[in-house]
Trainee: 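First the structure, which I've put down as structure tokens, then a few questions once you've had a look.
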There are 2 protein chains.
Amino acid sequence: MRIGELAAATGTSTKALRFYEDSGLLPPANRTGSGYRDYEDDAIDRLNFVRRGRAAGLTLKQIREVIDIRESGTAPCGHVQDLLNTRIADLDRQISDLRTLRDTVVHLRDGAANANPADCRAEDVCRYL
Amino acid sequence: MRIGELAAATGTSTKALRFYEDSGLLPPANRTGSGYRDYEDDAIDRLNFVRRGRAAGLTLKQIREVIDIRESGTAPCGHVQDLLNTRIADLDRQISDLRTLRDTVVHLRDGAANANPADCRAEDVCRYL
DNA sequence: CTTGACCTTCCAGTGCGGTGGAAGGTCCAT
DNA sequence: ATGGACCTTCCACCGCACTGGAAGGTCAAG
């Protein structure tokens with residue numbers, strides 16, 4: 001399987017596949033006599049794993065850590081659990097921060113809705129912000 | 001007022017102040033005979049405006065747009081209202097996306113909590129992700 | 001034999017909001 | 001006059017996940 005076929009089969013770009021190889025997410029591909037990358041079907045499994053990790057909001061670095069554990073011969077279950085728990089905690093914090101920010105911005109917007117330009121000192125740029 | 005004093009007075013770094021000047025968020029500062037930047041007090045007002053904008057999650061580019069409108073002699077109220085309404089819509093979408101993602105990750109975590117390493121194909125790296 | 005699609009490597013750039021460091025000038029106190 | 005704190009410009013780099021493009025090689029069809 002050539003790189004373009006793998007890209008089409010997995011919905012990635014050839015650029016991204018070479019980047020993934022450089023980043024250690026894909027093992028260095030076998031090469032044909034003329035130097036073209038030649039993939040086995042298991043590259044699809046690997047890319048699906050990367051896609052699932054990305055969908056869970058993991059960074060490529062975190063995904064690579066899981067892969068490295070698997071490659072070292074150990075099942076990565078424990079690490080994956082830690083990763084997911086940390087991810088949930090991060091998401092909770094992000095969501096909470098965004099909600100606080102939303103409240104703030106709504107207050108600003110409500111203030112600005114009744115704005116009177118004459119109230120504003122030009123030095124402040126805009127007193128409603 | 002020299003750049004270090006302005007930095008201390010506003011909780012920014014001197015690096016950031018020069019960067020803001022280059023970015024058009026601060027007007028080019030007056031210079032002393034020896035070339036040092038020499039700020040008036042209104043630079044503090046301007047930086048407070050930038051800080052408020054940042055706190056509302058606006059990008060420096062958006063903040064600069066508001067400043068440019070003010071500099072052009074127009075009160076930026078209308079633009080600020082649009083900006084804030086768009087910002088609220090963006091925040092709502094972000095929060096909703098993160099909540100969906102959180103649900104997904106919680107399901108994954110719950111699956112992984114009862115993981116049996118023997119269930120996993122090594123090619124999949126980790127079936128719980 | 002040429003055309004066009006595909007592949008290779010390598011370097012650079014994207015957006016964001018800055019930070020780091022080098023090389024050099026200035027100011028003030030001792 | 002010397003030390004140290006401060007200032008100047010300029011260029012490079014951070015993380016993140018790629019993307020764009022140049023210059024060149026390969027392969028199959030017509």
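Each chain gets a letter, A, B and so on, in the order its sequence line appears, and its residues count up from 1.
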Trainee: Can you tell me the distance, in whole Å, between the CD1 atom of B/Ile63 and the C1' atom of C/dC16?
Mentor: 12 Å

Trainee: Taking the side chain of B/Lys15 as its heavy atoms from C-beta onward, which of C/dG18, D/dT8, C/dG20 lies nearest to it?
Mentor: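 Among the listed nucleotides, the one closest to the side chain of B/Lys15 is C/dG20.
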
Trainee: When you check the gap from the basic side-chain N to the acidic O, do A/Arg18 and A/Asp22 get nearer than 4.0 Å?
Mentor: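 The answer is no: the pair does not qualify as a salt bridge.
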
Trainee: Looking for any heavy atom pair under 4.0 Å, which part of the strands does B/Arg54 touch: base, sugar-phosphate only, or nothing?
Mentor: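 Answer is sugar-phosphate: B/Arg54 comes under 4.0 Å of backbone atoms only.
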
Trainee: Rounded to the nearest angstrom, tell me the gap between atom CG in B/Leu25 and atom C1' in C/dG18.
Mentor: 12 Å

Trainee: Would you mind classifying the nucleic acid contact of A/Thr32 as base, sugar-phosphate or nothing, using non-hydrogen atoms under 4.0 angstrom?
Mentor: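 It contacts nothing in the nucleic acid.
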
Trainee: Starting at atom CZ of A/Arg18, determine the distance to atom C1' of C/dC11, rounded to an integer number of angstrom.
Mentor: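 These atoms are roughly 14 Å apart.
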
Trainee: What nucleotide among C/dG18, D/dT8, D/dT26 has an atom nearest to a side-chain atom of B/Arg37?
Mentor: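 So the nucleotide nearest the side chain must be D/dT8.
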
Trainee: Report the distance from atom CG of A/Leu26 to atom P of D/dC18, rounded to the nearest whole Å.
Mentor: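 From A/Leu26 CG to D/dC18 P: 12 Å.
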
Trainee: To the side chain of A/Leu60, which of D/dC10, D/dT8, D/dA17 is closest?
Mentor: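 Minimum distance to the A/Leu60 side chain belongs to D/dA17.
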
Trainee: Is the shortest side-chain N to carboxylate O distance from A/Arg46 to A/Asp42 below 4.0 Å?
Mentor: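 Looking at A/Asp42 together with A/Arg46, the answer is no, because their closest N to O distance does not fall below 4.0 Å.
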
Trainee: Do you know which of A/Leu26, A/Thr12, A/Leu60, A/Leu25 makes side chain to side chain contact (heavy atoms under 4.5 Å, CB included) with A/Phe19?
Mentor: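 The single option meeting the side chain to side chain contact (heavy atoms under 4.5 Å, CB included) with A/Phe19 is A/Leu60.
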
Trainee: State which of C/dT9, C/dG18, D/dT8 makes the closest approach to the side chain of B/Ala16.
Mentor: C/dG18

Trainee: Ignoring backbone atoms, test whether A/Ser13 places a side-chain nitrogen or oxygen under 4.0 Å from the OP1 or OP2 oxygen of D/dT19.
Mentor: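 Answer is yes, contact under 4.0 Å.
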
Trainee: Pick base, sugar-phosphate or nothing for A/Ser23, based on heavy-atom distances below 4.0 Å to the nucleic acid.
Mentor: nothing

Trainee: For the pair made of CD1 in A/Ile3 and C1' in C/dA5, what is the distance, rounded to whole Å?
Mentor: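 Between C1' of C/dA5 and CD1 of A/Ile3: 15 Å.
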
Trainee: When you measure from the side chain of B/Tyr36, which nucleotide among C/dT8, D/dC7, D/dA17 comes out closest?
Mentor: D/dC7

Trainee: Could you tell me how far apart B/Arg64 (CZ) and C/dG18 (P) are, to the nearest whole angstrom?
Mentor: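 Rounded to whole Å, this separation is 14 Å.
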
Trainee: Could you tell me if the side chain of B/Thr59 sits less than 4.5 Å from the side chain of B/Gln62, heavy atoms only?
Mentor: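 SC-SC contact between B/Gln62 and B/Thr59 confirmed.
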
Trainee: How long is the line joining CD of A/Glu21 and P of C/dT9, in whole Å?
Mentor: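 A/Glu21 atom CD is separated from C/dT9 atom P by 8 Å.
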
Trainee: Which of the following nucleotides, D/dC27, D/dT9, C/dT26, is nearest to the side chain of A/Ser34?
Mentor: D/dC27

Trainee: Using whole Å, what does the distance between atom P of nucleotide D/dT26 and atom CZ of A/Arg2 come to?
Mentor: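 Roughly 14 Å, once rounded to whole Å.
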
Trainee: side-chain contact (heavy atoms from CB on, under 4.5 Å), that's the test. Do B/Arg87 and B/Leu91 meet it? Break it down for me.
Mentor: CA-CA 6 Å; B/Arg87 187 79 193 102; B/Leu91 284 168; 3.8 Å; yes

Trainee: Can you tell which of D/dT8, C/dC6, C/dT8 lies closest to the side chain of A/Arg31?
Mentor: C/dT8

Trainee: Could you check which of D/dA17, C/dT8, D/dT8 has an atom nearest any side-chain atom of A/Phe19?
Mentor: D/dA17

